[in-house]
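In this text the structure is predicted, and so the values were computed from the model without any measurement.
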Amino acid sequence: MRIRILALAVALLLAAAPNALALSDPGEVGRFHGIWIGYGVTAEKQPRQSTVTVRDIDVTIRETKTGFDMTWKSLSHDRAERISARFVAASEPNTFKVSRVDPPLGDEEKLWAQMEGDRLVVYLSSRGDDGVARMARYERSILDGRMAFKYTLSRGDELLGSVTGKLSRAKVVL
């Protein structure tokens, strides 16, 4: 009887291990929590010229029990809309998969996030009309209470555009 109970206990522990590992792996997401506002400098490569502009940037990050919720405006001109996503801990260390996203992703799109050292990085991959892979990369780090922000959009090995900026935590009064 003891062997059966021990075998059952081991089986339950093994079945719960991937979930326990994923749930214990939220990284340092809590320090990114808040409403962040600021500006960024955009550099875009055009066929015959490059343009530089200043853009308003904002992001809201709310910590959850299993990861975080994030809302931001896409910086890609192909998809310049507000995105809201719930990221939950994945089985891979420091990785978060999407459990909900609005607007819904297309068939060829994939969204995920990773803690890379002290940086929170969100990736959005897709395929262009030409069939070539595109990757939007949103990198965020916190230093001295400010968020450093870097966005890059690439098609294959070609860099199509980038935005760098600084954001400050908004003071919200309720």
Side-chain angles (χ1 to χ4, degrees), residues 22-46 50-106 109-126 133-155 158-174:
L23 294 177
S24 67
D25 190 40
E28 299 272 335
V29 175
R31 65 194 176 114
F32 292 92
H33 172 82
I35 300 171
W36 299 85
I37 56 174
Y39 64 91
V41 177
T42 305
E44 292 183 272
K45 186 177 175 182
Q46 304 288 329
S50 293
T51 59
V52 177
T53 56
V54 176
R55 301 170 90 168
D56 289 328
I57 299 173
D58 66 89
V59 62
T60 301
I61 302 171
R62 290 187 180 91
E63 191 174 17
T64 65
K65 290 179 183 178
T66 59
F68 60 98
D69 290 341
M70 180 184 278
T71 302
W72 73 101
K73 184 175 181 185
S74 168
L75 296 175
S76 169
H77 291 295
D78 295 341
R79 185 182 178 145
E81 59 192 347
R82 190 153 293 281
I83 301 170
S84 181
R86 170 156 291 170
F87 293 91
V88 296
S91 58
E92 298 85 18
N94 299 317
T95 302
F96 298 87
K97 61 184 178 179
V98 171
S99 67
R100 173 188 54 77
V101 65
D102 184 44
L105 296 175
E109 294 179 302
K110 183 177 178 189
L111 180 65
W112 73 97
Q114 291 180 300
M115 286 299 300
E116 297 178 4
D118 64 346
R119 298 177 319 267
L120 174 61
V121 184
V122 175
Y123 295 93
L124 176 60
S125 68
S126 63
R134 290 178 174 250
M135 179 69 70
R137 185 176 189 271
Y138 299 84
E139 179 181 315
R140 296 169 174 85
S141 60
I142 307 290
L143 182 62
D144 296 330
R146 297 198 62 195
M147 180 182 285
F149 175 86
K150 183 176 182 183
Y151 163 82
T152 56
L153 177 63
S154 58
R155 179 178 58 217
E158 178 186 9
L159 180 64
L160 298 177
S162 65
V163 178
T164 58
K166 297 283 185 187
L167 307 176
S168 296
R169 189 171 272 137
K171 294 178 178 25
V172 178
V173 179
L174 299 175

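- Between I57 and L167, the closest heavy-atom pair is O-CD2, 3.7 Å.
- Annotation for R62: atom CZ does not count as buried by contact number, only 12 or fewer foreign heavy atoms lying within 6.0 Å.
- The heavy-atom pair separating M115 from L120 by the smallest distance is SD-CD1, 3.9 Å.
- Here I83 contributes atom CD1 and Y138 contributes atom OH; the two are 5.0 Å apart, rounded to the nearest 0.5 Å.
- Here the OG atom belonging to S99 is positioned 7.5 Å from the CG atom belonging to D69, to the nearest 0.5 angstrom.
- Side-chain contact check for F149 versus V59: every heavy-atom pair is 4.5 Å or farther apart.
- Just one residue in the list R140, R137, K150 forms a salt bridge (Lys or Arg N to Asp or Glu O under 4.0 Å) with E116, and that residue is R137.
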Without placing hydrogens or testing angles, list every side-chain donor-acceptor pair under 3.5 Å for residues 29-38, not counting sequence neighbours.
from: R31; atom 1: NH2; to: D118; atom 2: O; distance (Å): 2.6
from: H33; atom 1: ND1; to: I61; atom 2: O; distance (Å): 3.3
from: H33; atom 1: ND1; to: E63; atom 2: N; distance (Å): 3.3
from: W36; atom 1: NE1; to: F32; atom 2: O; distance (Å): 2.9

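- Using the six-membered ring where Trp is involved, F68 and F87 have ring planes that are parallel, under 30° apart on the 30 and 60° scheme.
- S126 contributes atom OG, which lies 5.5 Å from atom CD of E109 (distance to the nearest 0.5 angstrom).
- Rounding to the nearest 0.5 Å places OG1 of T60 at 7.0 Å from CZ of R82.
- Taking both residues in full, the closest heavy atoms of K97 and A89 are given as CE-O, 4.4 Å, listed atom of the first, atom of the second, then distance.
- To the nearest 0.5 Å, atom CH2 of residue W112 and atom CG of residue L124 are 8.0 Å apart.
- In this structure, CD in Q114 is found 10.0 Å from CZ in F96, a value given to the nearest 0.5 Å.
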